[in-house]
Number of protein chains: 2
Amino acid sequence: MSTAEETGGDAQPWGEVTPDAARRLLVAAVEAFAERGYHATTTRDIAGRAGMSPAALYIHYKTKEELLHRISRIGHEKALDILRTAARGEGGAADRLADAVSSFVRWHAGGRTTARVVQYELDSLGPDARAEILALRRQVDAVVRAIIEEGVAAGEFDVLDVHGTTLAVLSLCIDVARWFNVDGPYTPEEVGALYADLVLRMVGAKPEGAGRR
Amino acid sequence: MSTAEETGGDAQPWGEVTPDAARRLLVAAVEAFAERGYHATTTRDIAGRAGMSPAALYIHYKTKEELLHRISRIGHEKALDILRTAARGEGGAADRLADAVSSFVRWHAGGRTTARVVQYELDSLGPDARAEILALRRQVDAVVRAIIEEGVAAGEFDVLDVHGTTLAVLSLCIDVARWFNVDGPYTPEEVGALYADLVLRMVGAKPEGAGRR
DNA sequence: CGCTCCGCTAAGCGCCCGCTCAGCTTCGGC
DNA sequence: GCCGAAGCTGAGCGGGCGCTTAGCGGAGCG
């Protein structure tokens, strides 16, 4: 488990965005969208943060919305990757659920700037882009639900409503991006550990665990 | 417990907004802000939904921001009222916490249009208005924390981190406004009951309760 | 009946938005 | 050393924004 600022494994967060200028613009857009919201951010502001003229933006991106779309897709893919890695881990369902929640939460808290845009600016996208992102979100939901279902089947968990509990677990994690660091005395790691414990309680996991922590 | 669409007790939701035209404008603004967000909503749209010309808005409100401020303050006061009513109730801490969560969640789910604006457009407000609203939110936090502290003191709850758990409980409830009804098979009452159960698990409440539900 | 006031509208002001385009610089290929 | 492509800029376009202002119609009142 790394202690990098942006949890998830990459050396640098947006390394996959390839012309350097395009990456600088995208990073600038993430910051601006996170601070003021998509609609309150101007293309002049984004270009200015990247040290470029307003027109430069349109060499690398067709519209302002394409920037949001790219940010959202990359962010969701990373989030999905984090959850899948935890889900594939060793140990019982309780261990894997705790890992998934703590790493997912660490990503939302540590990369709050990114997570905020990814999770809260979704319906500033047009219908096609939104549909694509919603498909990724359904996969996120499926990964978490699968762990919970396995735990129930193995007798590790005591859950009345698997669908509703999955919804609540994800909701809890995602909302970290809204409140974290506003006046917070917690580190991302602390919130991750706290939330892993709370989620294990929510699913009625037997407290003994399998020798972890 | 009423089954009114807008849970909370009022016969009509925005009855306290007094000139009729001002109320119609405010209701129109709530709908528009909830659908598109504050910054993407135009004063022409708000006035249009209220069946008036754009200029009419400025007879009743000084700016577009004042509309958001009024909506946010009234909404937060209602939310606080709901929580305080539950906190003042009879029974042990577990009963009161379950009541608080289920009624708070019912408000967020049933009045999702309002709740969305109240909970997610907060930082479109200017510094003064935001500070006023944040004071209300601190009171919301205090009400929930008090119930949890009482439960811990009475030996009803098993909580490691009262502050963090309070944060998580509120976060869970508030985020209902984001996801509810998107494609939801749940009624507000069902989500309220589900969440009350989950929260009791989070605080480690003894399962027997005091004879309710 | 005439006057005043109030709620509202039609028109529009000044501004800044997303986005475009002609032209400048830079640089690799030959 | 010349050429074309690529990356970027300065200037600016059409349009829609928040908000203002002059004036209209009708209700209340003497």
Side-chain angles (χ1 to χ4, degrees), chain A residues 14-72 117 121-130, chain B residues 14-72 117 121-130:
Chain A
W14 299 101
E16 61 265 65
V17 182
T18 35
D20 180 74
R23 177 171 51 248
R24 280 190 293 131
L25 284 163
L26 191 132
V27 169
V30 169
E31 286 171 11
F33 292 163
E35 273 179 33
R36 310 139 103 96
Y38 175 78
H39 285 293
T41 298
T42 69
T43 53
R44 285 163 175 83
D45 183 25
I46 296 169
R49 285 173 192 248
M52 300 166 101
S53 84
L57 197 150
Y58 294 90
I59 294 162
H60 301 282
Y61 302 95
K62 216 158 39 182
T63 61
K64 174 179 149 187
E65 195 199 317
E66 192 190 319
L67 261 168
L68 179 60
H69 184 195
R70 291 269 267 268
I71 292 166
S72 200
V117 178
E121 299 292 345
L122 195 134
D123 42 37
S124 299
L125 288 170
D128 294 349
R130 181 158 64 243
Chain B
W14 299 102
E16 61 266 64
V17 183
T18 36
D20 180 74
R23 178 169 51 247
R24 280 190 293 131
L25 283 164
L26 190 133
V27 169
V30 170
E31 286 171 10
F33 291 162
E35 273 178 31
R36 309 139 105 98
Y38 174 78
H39 285 293
T41 299
T42 69
T43 54
R44 286 163 174 85
D45 182 24
I46 296 169
R49 285 173 193 247
M52 300 165 101
S53 84
L57 196 152
Y58 294 90
I59 294 161
H60 301 283
Y61 302 95
K62 214 159 36 182
T63 62
K64 175 178 148 187
E65 194 199 316
E66 192 190 320
L67 262 168
L68 178 61
H69 184 194
R70 290 270 267 267
I71 291 166
S72 200
V117 178
E121 299 292 345
L122 195 135
D123 42 37
S124 299
L125 288 170
D128 294 350
R130 180 156 68 243

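Throughout, a chain's letter reflects where its sequence line sits, starting with A, and its residues are numbered from 1.
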Worksheet item: Side-chain contact, heavy-atom cut-off 4.5 Å: I71(B) with E121(B)?
Response: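 Not in contact.
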Worksheet entry | Minimum side-chain heavy-atom gap L57(A)-M52(A) below 4.5 Å |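 The answer is no; the side chains never approach within 4.5 Å.
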Fill in: Closest-nucleotide 5' rank along DNA chain C - winner of T41(A) and A55(A)
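Result: T41(A).
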Discussion item. Restricting to non-hydrogen atoms, name the atom on A50(A) and the atom on L25(A) that form the minimum distance, rounded to 0.1 Å.
Written reply: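 Nearest pair, atom of A50(A) first, then L25(A): CB-CD2, 3.8 Å.
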Fill in: S124(A) versus L68(A), closest heavy-atom pair with distance
CB-CD2, 3.8 Å
Fill in: First and last nucleotide of DNA chain C, 5' to 3', lying under 4.0 Å from heavy atoms of chain B
dC8(C) to dG12(C)
Fill in: With R44(A) via salt bridge (charged side-chain N to carboxylate O under 4.0 Å, His left out) - residues at least two apart
none
Worksheet entry | Start and end of the DNA chain D segment that chain B contacts, any atom under 4.0 Å from a heavy atom |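 The footprint of chain B covers dC17(D) to dT21(D).
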Fill in: Touch class at under 4.0 angstrom, heavy-atom based, for T42(A) against every strand present
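T42(A): backbone/sugar contact only, no base atoms under 4.0 Å.
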Worksheet item: Is there a donor-acceptor contact under 3.5 Å from the side chain of Y38(B) to the main chain of E65(B)?
Response: yes
Worksheet item: If only atom types and distance count, is the side chain of R36(B) paired as donor or acceptor with the main-chain N or O of T41(B) below 3.5 Å?
Response: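 Between the backbone of T41(B) and the side chain of R36(B) there is no qualifying donor-acceptor contact (under 3.5 Å).
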Practice prompt. To the nearest 0.5 Å, tell me how far W14(B) CH2 sits from R23(B) CZ.
Written response: 11.5 Å
